[in-house]
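In what follows, every heavy atom counts, from backbone to side chain, and hydrogens, waters and symmetry copies are set aside. If you're wondering where the values come from, they're calculated on a predicted model, not measured in any experiment.
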Amino acid sequence: MKKILYFLLLFTFGLSSCEKDDICDANTPTTPRLIISFYDITNPTVKKSVTRLKVIGEGEDEGIIFNESGDETTKYLTSGDSIAIPLKTFDNTTTFTFILNADSSNPALTNTDQVKFNYTRENVYVSRACGFKTLFQLLTQVPIESTDSGSDSFWMQNIQVNNPKIELENETHVKVFF
């Protein structure tokens with residue numbers, strides 16, 4: 001009888017020490033990235049692909065990785081009509097340098113513009129396993145600066161905030177016309 005009592009007591013303590021695993025599901029929405037779509041300046045309703053675009057955050061040496069399987073040069077380049085870039089979750093501004101035709105051997109074909117995004121932040125609790133995510137509210141004016149030496153022309157001719165609330169990654173937040 002004593003053995004059964006000890007076994008039940010040990011079994012009860014064993015069950016009470018079990019705890020649910022906290023694993024954040026990969027499908028749980030996290031901090032969204034800024035979605036930028038590129039459009040033709042001469043026909044503003046038509047999307048236009050950028051060629052060999054490299055995006056570098058202010059204070060960073062390397063660019064944003066768009067192609068994980070690429071080599072040391074091509075992993076930072078993208079071509080297409082939309083990109084997703086992260087905003088700083090600890091500051092209300094993020095500055096990026098956008099280099100068009102970044103890997104061109106002819107420096108006359110590359111063009112570099114710098115864009116500063118201003119926004120407010122809101123931290124939202126997701127779950128115990130996933131923690132918090134940050135939602136952003138873009139301010140409407142987005143200044144462009146040309147960083148090409150001796151050049152005052154922008155390849156980005158106009159930037160419009162399409163959707164200032166950055167909560168999801170399934171819609172365009174900013175439109176760039178070039």
Side-chain angles (χ1 to χ4, degrees), residues 29-122 133-178:
T30 57
T31 298
R33 295 172 294 175
L34 174 68
I35 306 299
I36 300 174
S37 294
F38 299 95
Y39 288 84
D40 189 347
I41 190 73
T42 59
N43 190 356
T45 59
V46 176
K47 284 189 172 184
K48 184 177 178 181
S49 291
V50 292
T51 54
R52 314 294 284 172
L53 178 69
K54 183 174 184 177
V55 181
I56 304 172
E58 184 178 45
E60 299 293 323
D61 296 329
E62 303 294 336
I64 295 172
I65 297 175
F66 292 109
N67 182 9
E68 297 265 344
S69 62
D71 62 24
E72 282 304 310
T73 303
T74 60
K75 72 180 179 179
Y76 302 109
L77 299 176
T78 187
S79 295
D81 61 17
S82 294
I83 60 170
I85 57 175
L87 297 174
K88 292 180 184 176
T89 58
F90 55 87
D91 201 355
N92 288 333
T93 63
T94 303
T95 302
F96 290 103
T97 301
F98 292 82
I99 307 169
L100 191 64
N101 297 316
D103 66 339
S104 176
S105 57
N106 182 354
L109 295 178
T110 63
N111 197 330
T112 304
D113 290 347
Q114 193 171 61
V115 178
K116 182 177 186 177
F117 296 98
N118 298 304
Y119 48 86
T120 58
R121 298 168 285 133
E122 178 187 1
K133 69 177 180 178
T134 304
L135 302 179
F136 304 97
Q137 176 76 33
L138 280 176
L139 302 180
T140 55
Q141 293 197 343
V142 182
I144 313 168
E145 297 176 9
S146 180
T147 57
D148 285 339
S149 57
S151 173
D152 59 355
S153 65
F154 303 118
W155 71 268
M156 294 181 180
Q157 296 178 28
N158 188 13
I159 297 179
Q160 292 179 356
V161 175
N162 188 51
N163 182 5
K165 289 186 138 211
I166 303 173
E167 296 178 353
L168 302 170
E169 291 185 0
N170 61 355
E171 57 195 353
T172 297
H173 303 114
V174 173
K175 291 182 176 182
V176 173
F177 300 89
F178 72 106

Can any side-chain N or O of Asn118 pair as donor or acceptor with the backbone N or O of Leu139 at less than 3.5 Å? no
Judged by atom type as modelled, is there a donor-acceptor pair below 3.5 Å linking the side chain of Ser49 to the main-chain atoms of Ser79? no
[X] versus [Y]: any side-chain heavy-atom pair under 4.5 Å?
| X | Y | value |
| --- | --- | --- |
| Phe117 | Ile36 | yes |
| Phe90 | Thr134 | no |
| Trp155 | Leu53 | yes |
| Phe154 | Asn111 | no |
| Leu34 | Leu138 | yes |

Show me the pairs that pass salt bridge (charged side-chain N to carboxylate O under 4.0 Å, His left out) and involve [range], at least two apart or across chains.
| range | value |
| --- | --- |
| residues 166-178 | Arg33-Glu169, Lys165-Glu167 |
| residues 98-112 | Arg52-Asp103 |
| residues 74-99 | Glu72-Lys75 |

Please, which pairs that meet ring-ring contact (aromatic ring centres under 6.0 Å, His included) have at least one residue in residues 66-89, sequence neighbours excluded? none
Side chain to side chain donor-acceptor pair (under 3.5 Å) with [X]: which residues, sequence neighbours excluded?
| X | answer |
| --- | --- |
| Asp61 | none |
| Thr94 | Tyr119 |
| Thr93 | none |
| Tyr39 | none |

Check [X] against [Y] and note the closest heavy-atom contact, atom names and distance.
| X | Y | value |
| --- | --- | --- |
| Ile35 | Ala84 | CD1-CB, 3.5 Å |
| Thr42 | Asp40 | OG1-OD1, 2.9 Å |
| Ala102 | Lys54 | CB-CB, 3.5 Å |
| Met156 | Phe98 | CE-CG, 3.2 Å |

In chain order, what residues pass the ring-ring contact (aromatic ring centres under 6.0 Å, His included) check against Phe96, with sequence neighbours excluded? none
The criterion is ring-ring contact (aromatic ring centres under 6.0 Å, His included); which residues satisfy it with Phe38, sequence neighbours excluded? none
Point-to-point distance, once rounded to the nearest 0.5 Å, from [atom1] of [X] to [atom2] of [Y]:
| X | Y | atom1 | atom2 | answer |
| --- | --- | --- | --- | --- |
| Ile99 | Ile56 | CD1 | CD1 | 4.0 Å |
| Gln137 | Thr140 | CD | OG1 | 10.0 Å |
| Asn162 | His173 | CG | NE2 | 9.0 Å |
| Asn92 | Leu87 | CG | CG | 10.5 Å |
| Gln157 | Phe178 | CD | CZ | 9.5 Å |

Going through the distances and angles, do Asn67 and Leu77 end up as a side-chain contact (heavy atoms from CB on, under 4.5 Å)? CA-CA 7 Å; Asn67 182 9; Leu77 299 176; over 6 Å; no
Got a sec, which residues hit side-chain contact (heavy atoms from CB on, under 4.5 Å) with Thr95, two or more places apart in sequence or on another chain? Glu58, Gln114, Lys116
Which residues pass the side-chain contact (heavy atoms from CB on, under 4.5 Å) test with Pro29, not counting sequence neighbours? Lys133
Compute whether any side-chain donor of one residue and acceptor of the other, for Ser37 and Ser82, lie under 3.5 angstrom apart. yes
